[in-house]
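First the structure, in the form of C-alpha cells, and then the observations on it.
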Amino acid sequence: MHEALPLQLTDVPWPAGGDDPWGWLNLYPSETALILLGSRTSAHTLLALAWDLIPSASFLAGAVPPLQPLRADLPYWTTGTLGLLSYDLFSPSSREPKASHSIVRIRRSLVLDQFQQRASIAAEKGWEKCSFRIPLPWEMSAPDLKKPRQSSWKPMKSEESYLAEVASIIEEIRDGRYYQLNLLRYWQDQGELSRSYWALQGQRFAGPFAAYLDLPELSLVSFSPERFFRLENRDGRRMIQTEPIKGTRPVYPKPSENEAAIAELAAAPKDRAELNMIVDLMRNDLNRVCKSGSVAVRDRGSVQSFPNVHHLVAKIEGELIDKIDWHTLLTALCPGGSITGAPKREVMHAIQEREGRNRGYFMGNLLFLDSFTGRSDASILIRTATKQTGSDWEFAAGSGLVIHSNPLEELEEVRAKAQVVLANLGNP
C-alpha cells in the first residue's frame with residue numbers, strides 16, 4: 001500500500017486462472033449497475049467498484065490537467081472520470097432532442113495490468129459514500145449461468161435500400177460535394193439480452209477499447225478496437241495522439257487465407273486512399289489544439305489484427321497547447337474523422353440527410369481521465385450496441401465511401417464489422 005498517495009492502492013492476487021474480466025458480468029445480479037472498461041486484449045482493464053454520476057457541464061468546462069510521468073510502481077489506471085459522449089453532442093446538424101452524455105466519477109476501482117499480470121484496488125477517501133457500489137468479483141457467489149438466448153437483430157433498412165443509398169452517395173462524390181462519407185446501417189433487437197450474452201460475445205470479440213456500462217437509464221456494450229486519442233506525459237511534454245482506422249478484412253481460420261487478407265489490405269489502393277484522407281483531416285484537427293509545428297504523422301497506416309477483423313491503423317500526434325479546457329479540445333476533435341469523412345462539416349450535414357436520425361452514442365466517444373496522473377484515453381464507439389430506457393437494443397456499423405467504392409463490397413465490409421454483435425445471425 002502506498003500511504004503517500006492521495007488514494008489507497010492495494011495489490012491483490014491476480015484473478016485465478018487469468019479469468020476474462022467479461023466473465024465477471026455473470027457474477028452480478030441483473031439489477032446491479034456495472035462499469036467495465038477493457039478486455040483480455042487490452043493492456044489495462046478497470047472494473048468500477050464505487051462511483052457517482054456528476055454534472056457534465058462542470059467536467060466539460062474544466063481544464064485539461066497537467067500530466068504526470070509514468071511510474072513503475074503504479075498501475076496505468078487508478079480512479080478517475082469517465083465521460084460517455086454522443087456523436088451528436090459536437091455535430092452541427094443533429095436533430096432534437098440534443099445529444100446525450102453521461103459523466104461518471106469513479107472513486108474505487110479494480111485495475112488489471114495484463115502485461116505485468118498485476119491486479120490492484122485503487123480507492124479515494126470517502127468512496128464509501130458513493131451512490132453506486134459493488135463488491136469485488138471474488139466476493140460474489142458462484143454464478144448460476146443460463147444459456148444466452150438466440151439474438152434476433154433485425155436491420156432497420158433492407159440491403160437493397162442500403163445499396164441504393166451507397167450508389168447515390170458515390171454520385172454525390174463524383175459531383176464534388178465531398179470526398180468521403182461514412183454511412184451507417186442500423187439494427188434493432190426488441191428482446192432483453194442477458195449479461196451472459198454479452199459476456200460470451202465479449203470473450204470472443206472484444207477489442208482493446210471494449211466497455212460494458214449498465215447505468216440507471218442506459219446500457220451500452222462496446223467492442224471497439226479504435227482509439228480516438230490519448231494524452232500522456234512524454235519527457236515533460238503534454239502529447240496527444242490519435243489513431244484512426246480505415247480498411248477492413250475478415251480474419252480467416254486458415255493461416256494461408258489470413259496472410260493473404262493481410263497482404264491484400266496492406267496494398268489496397270482504395271483503403272489506403274481512404275485512410276490518407278482521414279490522416280490529413282485529423283492532422284488539421286490536431287493543429288487547432290496543438291503547439292505550432294508539433295503535429296506529425298508517425299504512421300500513415302499499418303495493418304493491425306483484432307479478434308475478427310484486420311484494419312489499417314494510422315498514428316498522428318502533437319504537443320497540446322498549454323491552456324485548454326475539455327469543451328475546447330473535444331469541440332476541435334469530435335466527431336472523429338474516421339467515422340464522418342471529408343470535408344468534415346459538409347459530410348456531417350450529408351450524414352444527417354442520409355441516415356435521417358441522430359446517431360446518439362453510435363460513433364461517439366468513451367473518455368477516461370485518470371484522477372491521479374491526468375492521463376486520458378478515449379475510444380470511438382464503433383462495434384457498439386445501446387439500450388436506453390423505453391427503447392429497444394440498437395446497433396450500427398458502417399464504412400467509408402469514396403469515389404472508387406463498390407456498393408456490394410461496402411455491404412460485405414459492413415457485414416464483417418457487424419458480425420461482432422450479430423454473430424448469431426446467418427446473414428445480417
Side-chain angles (χ1 to χ4, degrees), residues 151 153-188 205 223 225-226 244-254 256-278 301 303 305-313 338-342 347 350-351 353-357 359 362-363 382-384 394-428:
S151 65
W153 295 97
K154 305 298 182 185
M156 298 173 71
K157 287 186 179 181
S158 67
E159 290 187 352
E160 291 74 17
S161 296
Y162 171 80
L163 292 171
E165 202 75 54
V166 171
S168 178
I169 289 170
I170 293 172
E171 286 302 311
E172 288 197 338
I173 294 173
R174 290 197 178 103
D175 291 341
R177 181 179 176 185
Y178 40 78
Y179 304 107
Q180 180 180 161
L181 182 145
N182 184 278
L183 180 70
L184 299 185
R185 281 193 80 193
Y186 294 88
W187 288 261
Q188 282 185 331
F205 297 121
F223 300 138
E226 184 166 1
I245 283 176
K246 282 296 172 187
T248 305
R249 297 295 184 276
V251 169
Y252 294 98
K254 290 185 178 180
S256 59
E257 293 180 348
N258 214 36
E259 291 171 4
I262 292 173
E264 197 273 332
L265 175 60
K270 181 259 183 185
D271 295 303
R272 184 68 62 176
E274 189 178 338
L275 183 59
N276 284 341
M277 289 185 200
I278 301 308
V303 177
S305 299
F306 300 95
N308 71 317
V309 290
H310 308 287
H311 287 306
L312 282 175
V313 183
S338 66
I339 47 77
T340 51
V347 295
I351 285 169
E353 295 169 9
R354 293 291 181 176
E355 296 181 5
R357 55 171 285 171
R359 284 183 165 183
F362 299 122
M363 314 299 131
I382 61 175
R383 320 291 196 270
T384 295
E394 290 190 347
F395 173 75
S399 66
L401 308 177
V402 294
I403 196 167
H404 297 300
S405 290
N406 177 292
L408 288 173
E409 291 177 357
E410 298 297 336
L411 178 62
E412 287 303 316
E413 178 175 334
V414 173
R415 281 176 172 169
K417 294 173 178 176
Q419 284 298 321
V420 174
V421 170
L422 311 180
N424 289 331
L425 284 179
N427 293 294

| message | I'd like to know whether L401 forms a side-chain contact (heavy atoms from CB on, under 4.5 Å) with V166, so could you lay out the CA-CA distance, the side-chain angles of the two residues, the decisive distance to 0.1 Å, and finally the verdict. | response | CA-CA 8 Å; L401 308 177; V166 171; 4.0 Å; yes

| message | Pair T248, K417 - check side-chain contact (heavy atoms from CB on, under 4.5 Å), show working. | response | CA-CA 8 Å; T248 305; K417 294 173 178 176; 3.0 Å; yes

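No donor-acceptor pair closer than 3.5 Å links the side chain of Q180 to the backbone N or O of A342. No donor-acceptor distance shorter than 3.5 angstrom exists from the side chain of D175 to the backbone of R177, with no hydrogens or angles considered. In this structure, the side chain of R272 engages the main chain of G301 through a donor-acceptor pair within 3.5 Å. Judged by distance alone, the side chain of T384 and the main-chain N or O of I382 form a donor-acceptor pair under 3.5 Å.
Judged as a salt bridge (Lys or Arg N to Asp or Glu O under 4.0 Å), the pairs with a partner in residues 162-171 (not counting sequence neighbours) are, in order, E165-R354, E171-R174.
Distance check: L312 CG to I245 CD1 gives 9.5 Å after rounding to the nearest 0.5 Å. Put simply, OH on Y252 and CD1 on I262 are 11.5 Å apart, with the number rounded to the nearest 0.5 Å. The CG atom of L163 sits 9.0 Å away from atom CG of N406, with the distance rounded to the nearest 0.5 Å. The distance from the CD atom of E226 to the OG atom of S338 is 3.5 Å, given to the nearest 0.5 Å. Rounding to the nearest 0.5 angstrom, the gap separating the OG atom in S399 from the CD1 atom in I339 is 13.0 Å. Within the model, atoms CH2 of W187 and NZ of K157 stand 12.5 Å from one another, a figure rounded to the nearest 0.5 Å.
Using a 4.0 Å cut-off between charged side-chain N and carboxylate O, E159 and R415 make a salt bridge. A salt bridge links R357 with E394; the closest basic N to acidic carboxylate O contact falls under 4.0 Å.
Residues R185 and L411 are in side-chain contact: their nearest non-hydrogen atoms beyond the backbone lie under 4.5 Å apart. Looking only at side-chain heavy atoms (C-beta outward), Y179 and V402 stay at 4.5 Å or farther from each other. In this structure, the side chains of T340 and V347 come closer than 4.5 Å at one or more pairs of heavy atoms.
In this structure, A350 and L181 approach most closely via the heavy-atom pair CB-CD1, 3.5 Å. When all heavy atoms of A261 and P250 are compared, the pair lying nearest together is CB-O, 4.1 Å. Scanning all heavy atoms of the two residues, the minimum distance from A396 to L184 falls at CB-CD1, 4.0 Å.
Residues satisfying the ring-ring contact (aromatic ring centres under 6.0 Å, His included) test with F306, not counting sequence neighbours, are H311. With sequence neighbours excluded, no residue forms a ring-ring contact (aromatic ring centres under 6.0 Å, His included) with Y178. For R249, the side chain to side chain donor-acceptor pair (under 3.5 Å) partners are E264, D271, not counting sequence neighbours. Residues that satisfy the salt bridge (Lys or Arg N to Asp or Glu O under 4.0 Å) test with K270, not counting sequence neighbours, are E274, E410. Applying the ring-ring contact (aromatic ring centres under 6.0 Å, His included) test to Y186 and every residue at least two apart in sequence or in another chain returns F362.
At least one cation-pi condition fails for R383 and F223: the charged atom is not both under 6.0 angstrom from the six-membered ring centre and inside a 45 degree cone around its axis.
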